[in-house]
Visitor: 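Sharing a structure here in structure tokens format.
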Amino acid sequence: MMLRIRSRDGLERITIDNPNITVSELKTIIQTQLSIPIHNQTLSTNQNLLLSKTHNDLTLFTDMSNPNTPISNLNLTHGSIIFLSYDGERKVVGPATAFTPAGSFGRKMTMDDLIAKQMRVSRQESPHCQSVSFDRDCANAFQLYVNETLAFAVKRGGFMYGTVSDEGEVEVDFIYEPPQQGFEENLVIFRDPEEEKAVEAIALGLGMRKVGFIFTQTVSQDKKDYTLSNREVIQAAEFHAESGLKEWVTAVVKLEVNEEMDGAADVHFEAFQMSDVCVKLFKEGWFETEIKEDDDPKLSKMKKDVVVGVKDTKEVDNDFFLVVVKILDHQGPLSSTFPIENRITQVTMKALKNHLDRTKSLPFVKRISDFHLLLVLARVFDVAADVPALTECVQTQSAIPEGYQILIESMAGAA
């Protein structure tokens, strides 16, 4: 049986012969196979263990604190992930690379060699973003579609909009889903400049901005031995680099199937930041963006050697580029009940009529306090004049001018 161990060093694997061993015996195996002393280990099935900063934080994770607990009681099966925090330092064994002599005892060093010597890839301990909080309704609207309509069979993505506090806390209040084509392991985003211009105008009027990228992993990907694939790292780094926002968040939604519980599945949200060095490497064109069929998806290929630990290599474990971000939730100022753009079912004015009929009992400003509805209105109204006027009313929850209300109701009535 194979178990995956995630620590600050990335994702590693251990092999156990008996699935009924205790936590104590598991720690002994980790000591033997990963060279981490038993007394330095704290284990948990909760990924938040890796966010712990003090010894007191570690004591909050008690699910694996009893050395006599059989691991079978923890629903751990072949391929399950256990999170490990440990004190001290160790040498992580990386992929073997051929030794190439350089300097006075071998070939002359070129300028590329010197640059590579300075390009070190190491783990970033702390994110610039202290936490990301999702509006419950917008997160639910996103996961419900990929779960119930797409059945996590193909990938889906969107841009997250909200606010960033001075302390680096990100709040996500709506998700814009651009035109796209999802496949099992690849997600192609078709950028629509006109639509994105309207999205940005709505966000600006609501006092919000683009704060991150969210995407799903498919059921087939759940069986793979990686957190993010090489394709996902490149796409996430591209959007992070484009944003210029140091608190930019990358969120992943996945369906985790528990074979022990009659195949029951839970939807999980995970949040990361792409590390500073990852974004720098992308901006400077180090990533090999042409991915071949036989490439290992858990490794990102570089065009030139980089230094990982003490080795020069062109292959970097994707986990080196990920910085875990704490996830929270909140109830934001917008609703998420209006049909969402660019999905299988096209959004028409009939949807506007149905929405307004359904929300008759609410004040008119409340009835249009939905990003996806505002995006439909932005197709008709002037983005430079009308959209700011409407969004200001939504942000302040003040009365919509009568002229706009009549126009919106007549648009709905014509459906």
Side-chain angles (χ1 to χ4, degrees), residues 2-15 29-38 40-43 47 49-53 81-107 109-128 225-230 232-234 236-237 240 272-288 295-324:
M2 181 273 287
L3 291 175
R4 294 180 283 180
I5 308 294
R6 180 182 300 291
S7 69
R8 67 189 191 217
D9 303 315
L11 199 63
E12 298 170 271
R13 283 182 278 196
I14 61 168
T15 306
I29 291 170
I30 291 172
Q31 176 176 262
T32 304
Q33 296 186 22
L34 302 184
S35 305
I36 300 171
I38 292 170
N40 286 352
Q41 299 176 29
T42 302
L43 301 177
Q47 67 170 353
L49 175 75
L50 300 185
L51 296 171
S52 300
K53 290 185 166 51
I81 296 180
I82 297 170
F83 298 91
L84 162 67
S85 176
Y86 70 90
D87 298 328
E89 299 295 327
R90 68 174 177 130
K91 279 192 176 178
V92 181
V93 180
T97 52
F99 174 71
T100 309
S104 59
F105 297 102
R107 64 181 174 85
M109 295 190 73
T110 65
M111 186 57 72
D112 279 352
D113 294 329
L114 291 168
I115 292 169
K117 292 293 175 200
Q118 295 166 2
M119 187 53 81
R120 294 189 166 273
V121 177
S122 57
R123 191 166 301 283
Q124 183 176 320
E125 294 298 331
S126 302
H128 298 293
D225 188 17
Y226 56 71
T227 311
L228 261 63
S229 71
N230 43 17
E232 291 165 347
V233 165
I234 289 168
H240 190 146
F272 306 95
Q273 281 203 284
M274 308 313 289
S275 68
D276 295 345
V277 74
C278 175
V279 176
K280 178 180 168 69
L281 287 167
F282 181 83
K283 281 181 175 176
E284 294 180 4
W286 287 66
F287 277 91
E288 194 67 72
D295 283 349
D296 186 341
K298 68 174 179 287
L299 299 174
S300 289
K301 281 191 172 179
M302 301 292 127
K303 292 176 181 173
K304 296 176 284 194
D305 278 350
V306 294
V307 181
V308 180
V310 295
K311 292 183 177 176
D312 292 358
T313 180
K314 282 192 173 76
E315 294 186 329
V316 182
D317 187 320
N318 299 335
D319 281 357
F320 270 96
F321 295 136
L322 305 179
V323 191
V324 177

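Since this is a predicted model, take the numbers as computed values, not measurements.
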Visitor: Which atom names give the shortest non-hydrogen contact between F287 and K303, and what distance separates them?
Guide: O-CE, 3.2 Å
Visitor: Which residues satisfy the side chain to side chain contact (heavy atoms under 4.5 Å, CB included) test with I38, sequence neighbours excluded?
Guide: K27, T28, Q31, Q41
Visitor: Identify, with sequence neighbours excluded, every residue that meets side chain to side chain donor-acceptor pair (under 3.5 Å) alongside D87.
Guide: none
Visitor: Can you give each donor-acceptor pair under 3.5 Å made by side-chain atoms of residues 278-285, sequence neighbours left out, with the distance rounded to 0.1 Å?
Guide:
from, atom 1, to, atom 2, distance (Å)
K280, NZ, E284, OE2, 2.9
E284, OE1, W286, NE1, 3.3

Visitor: Report the distance from atom CD1 of I30 to atom OG of S35, rounding to the nearest 0.5 Å.
Guide: 12.0 Å
Visitor: Residues in side chain to side chain donor-acceptor pair (under 3.5 Å) with T227, at least two apart?
Guide: R6, D319
Visitor: Looking at CZ of F83 and CZ of R4, how far apart are the two atoms once the value is rounded to the nearest 0.5 Å?
Guide: 9.5 Å
Visitor: Measuring from I14:CD1 to L84:CG, what's the distance to the nearest 0.5 Å?
Guide: 9.5 Å
Visitor: Rounded to the nearest 0.5 Å, what's the gap from CE on M274 to CD1 on I234? Could you check?
Guide: 10.0 Å
Visitor: For residues L299 and N230, report the shortest heavy-atom separation together with the two atoms involved.
Guide: O-CB, 3.4 Å
Visitor: Who passes side chain to side chain donor-acceptor pair (under 3.5 Å) against N318, sequence neighbours left out?
Guide: S300
Visitor: What pair of heavy atoms forms the shortest contact from K301 to E315, and how long is it?
Guide: CE-OE2, 3.4 Å
Visitor: For V324, enumerate each residue passing the side chain to side chain contact (heavy atoms under 4.5 Å, CB included) test, keeping only those at least two apart in sequence or located in another chain.
Guide: L51, F272
Visitor: Would you check, one step at a time, whether the test side-chain contact (heavy atoms from CB on, under 4.5 Å) holds for M119 with V277?
Guide: CA-CA 9 Å; M119 187 53 81; V277 74; 4.2 Å; yes
Visitor: Report the C-alpha distance between Q273 and H240 in whole Å, list the side-chain angles of each, state the deciding distance to 0.1 Å, and finish with yes or no for side-chain contact (heavy atoms from CB on, under 4.5 Å).
Guide: CA-CA 9 Å; Q273 281 203 284; H240 190 146; 4.2 Å; yes
Visitor: About how many Å separate CD1 of I5 and OH of Y86, when rounded to the nearest 0.5 Å?
Guide: 12.5 Å
Visitor: Could you pull out all residues at least two apart from D276 that satisfy side chain to side chain contact (heavy atoms under 4.5 Å, CB included)?
Guide: Q124, H128
